[in-house]
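What follows is one structure encoded as structure tokens, with my remarks underneath.
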Amino acid sequence: MGRIRILSDQIANKIAAGEVVERPASVVKELLENSIDAGATEVLVDAESGGRRLLRVTDNGHGMLRDDALLAFERHATSKLTTIHDLEAIATLGFRGEALPSIGSVSRLVLETRSAEEPSGTRVEIAGGRLLRCDEQAFEPGTTITVRDLFYNVPARKKFLRSEQTELTHIAQLVTHYSLAHSGKTFRLTHNDKELLHVTPVAELRERVFQVFGGQALEDLVDLKIREHEGYVLEGFVSRPQVQKLNRNSIFLFVNGRLIKDRLLLHGISSAYHNLIPPGTYPFALLFLQCDPSEVDVNVHPSKTEVRFRQGTIVHDFVRDAVRESLIESRPAPSFGVPSPPQMAAALPFSDFTQSLENHRFDEARPVVPLTLEPGRGEELPVFTLRPAPAAEPRFDFGGASIPLTEKSVQPLRLRVPDTHGGFPAGVDESAPASLAGLSDLRVLGQIHESFIVAAGRDGLWIIDQHVAHERILFERVLRQMAAGRVEQQRLLMPIVVELTAAQQIEYDRIAGDLQAAGFETEPFGNRTLAVKAAPAGIAAADLERVVGEVLDIAESELRRVSVDDLRRGIAASVACRAAIKINTPLEANKMDWLLRELGACAMPMSCPHGRPIALRYSTRDILRSFHRI
Ligand code: ADP
Ligand code: MG
């Protein structure tokens, strides 16, 4: 008795309908998912000509019985669903029973498969949806599906395929991501017989990240470890705040092993980086969420990349808090090897795989991505390496494409971060991590441009932006005070009258309590005016009107979805910005000393509440290198 059956119309009609085969990568996705569903521990993908001429996926999974091999090409033929209730808790990647017939109808497809239960295997040949042959043959248990000449019979679709390079990039990204989601399996990808990716089974996600992205990238990532909340389990990696991307393409989300796109989770991640990276920039994230299959509906879109959570808010807040906590807990490594301005994103070690592949010259004899790493060899084989060119100018070397890294010599600061209490920064960790001590060790040399503090440290020369450094210090202090319910206040001799727009008036009525908690004593004063009687310490009276306006605008800005937490952070950022020492202000040595010490005690001393970098470090190594001494 075969495993595959045709779904009844009743179930079939409940399945999100639509075409799944858009491009070669979508074929790879469906075939890969089938291999994983079949329990394979080894999945090999071969492509030719960007997948347009040939795609082949070979697995060592449980294979198909003879009868099933033919049935699999019928619409809605699946072994993964039986009753309508199964749709409510889907534990496999596939369930629609449409991939094989769809792929078979737009290509020349050969299926070779054998189940260990049968002595021989089956070979099925299909072209443009027509069965050409079905033979008995000798195979090892497992399945190989070869797809040639995709869209050969649908010229309109073929026209829409992009360049070989672009299609390959999509395929490579896909295989990479599935390899990350299944670190216990072997994955190999070849293109025109060149190996692009080859990873062997490892015990932990961390090791797989190392195999795929290399050791340098791992240093720039924070390991979330395994976190649990109300039946949800989250693990993965997110980038430290120094890493800033200009789009969301480096955020990879997996729910129960399935690569998905989800606005809710994206929003949760962005919120975690609020006040850490500039607005409009994004982190790198690789997150794996596990939950009971009944908690998430995957039957939302034919490509199965969208999901709907039963308890959206819980998931959102869990992801946000987990990412934020791990960023605060993390102890950034003391050295930082790459530049941070967003425009330099291409030079980051785990820069978009896409971008990297686009930069690759296809006639190179070298593999695009030297990713092979045999277990136990213990040496680093990063995806790509940063190494100085013989001339002295550092260059970014990637699979033969070499990009100069002229801005690399000045590097953003990396400091250790003290522990926190109750989600808020708790001040200096007395157990004094070494590199934090490094910061208090700094010897002030002077000030340049009356704006930047220059200091000598054990590991090189530091330049610190006095305004943003002070802003960070004040921001964390105000947040702490707000959490403790005692914000330092200054009473004004004369109340200041602030005029409000209609929208601001509405927001004021809503957040008056939060303003109070933040140290503002306000009172409505006639029509759309407000009297401010007291304000958080440090803000000059001349700036008060601006600050109050800003705070009301924050409340209004995100269509009132701003949470109390975001609002508090917004208020703290606004207060800190106005109260901080300005640039173009001469500072005495003791004031500069104080500033550096306080900065060293911050939870997040590397970026200001608006996400700008605070300090640059010119490491001793860089100095030596610049003088050609190493
Ligand atoms: P679905 O994955 O939604 O069930 P597909 O059209 O992708 O639908 O596959 C149809 C059926 O063929 C699957 O349910 C499975 O039983 C079988 N099948 C497909 N690929 C494989 C494979 N690599 N190994 C074993 N069985 C497979
Ligand atoms: Mg499938």
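Order of listing sets the numbers, starting from 1, for every ligand and every atom in it. The figures here come from the full heavy-atom set of this structure, side chains too, leaving out hydrogens, waters and symmetry mates.
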Report task. May I ask which of D59, L71, N34 has a heavy atom nearer to atom 20 (N) of ligand 1 than the others do? Result -> N34
Query raised in the report: Given K80, M64, R114, which has its nearest heavy atom closest to atom 26 (N) of ligand 1?
Result: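 Of the listed residues, M64 has the closest heavy atom.
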Under 3.5 Å, N or O to N or O, is [X] touching ligand 1 that way?
X	result
P101	no
T78	yes
I4	no
A38	no
I145	no

Closest non-hydrogen protein atom to [atom], residue and atom name please, with distance?
atom	answer
atom 22 (C) of ligand 1	T143 OG1, 3.7 Å
atom 15 (C) of ligand 1	S79 OG, 3.5 Å
atom 3 (O) of ligand 1	G97 N, 2.7 Å

For [X], take its heavy atoms, then give the atoms of ligand 1 lying under 4.0 Å from any of them.
X	value
G94	2 (O), 3 (O)
F95	1 (P), 3 (O)
A72	12 (O)

Query raised in the report: Closer than 2.8 Å to the Mg ion (ligand 2), do we get an N, O or S atom from T78, backbone or side chain?
Result: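 No.
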Query - CA sep, side-chain torsions, deciding dist, call: E118, R114, salt bridge (Lys or Arg N to Asp or Glu O under 4.0 Å) - result: CA-CA 7 Å; E118 287 179 339; R114 188 190 137 201; over 6 Å; no
[X] and ligand 1 - part of the residue with a heavy-atom distance under 4.0 Å:
X	result
A77	backbone
E98	backbone
L100	both

Report task. Take atom CD of Q137 as the centre, draw a 6.0 Å sphere, and report whether it contains more than 12 heavy atoms from other residues, nucleotides or ligands. Result -> yes
Query - CG on L109 to CD on E125, rounded to 0.5 Å - result: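 Going from CD on E125 over to CG on L109, the span is 9.5 Å.
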Query raised in the report: Atom OG of S120 and atom CZ of R66: how far apart are they, to the nearest 0.5 Å?
Result: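 Answer rounded to 0.5 Å: 4.5 Å.
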Requested in this report: Report the C-alpha separation of V147 and I145 in whole Å, then their side-chain angles, then the decisive distance to 0.1 Å, and conclude whether the side chain to side chain contact (heavy atoms under 4.5 Å, CB included) test is met.
Outcome: CA-CA 7 Å; V147 176; I145 295 183; 4.1 Å; yes
**Report entry** Heavy-atom pair with the smallest gap, counting every atom of R157 and V21
**Finding:** NH1-O, 2.7 Å
**Report entry** Carboxylate-amine/guanidinium contact K80 D37, below 4.0 Å
**Finding:**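 The answer is yes: the pair qualifies as a salt bridge.
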Requested in this report: Would you mind checking if E117 and R3 are paired as a salt bridge, meaning a charged N to carboxylate O distance below 4.0 Å?
Outcome: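 Between E117 and R3 there is a salt bridge, with a charged N closer than 4.0 Å to a carboxylate O.
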Report task. Begin with the C-alpha distance, continue with both residues' side-chain angles, and end with the deciding distance and a verdict on salt bridge (Lys or Arg N to Asp or Glu O under 4.0 Å) for K225 and D223. Result -> CA-CA 5 Å; K225 305 281 168 46; D223 188 346; 5.1 Å; no
Requested in this report: Evaluate the side chain to side chain contact (heavy atoms under 4.5 Å, CB included) criterion for residues R23 and F160: first the C-alpha distance (whole Å), next the side-chain angles of each, then the deciding distance (0.1 Å), finally the verdict.
Outcome: CA-CA 9 Å; R23 60 187 339 157; F160 279 97; over 6 Å; no
Report task. For the residue pair F309 and Y232, categorise the inter-ring angle as parallel (less than 30°), tilted (30 to 60°) or perpendicular (more than 60°). Result -> perpendicular
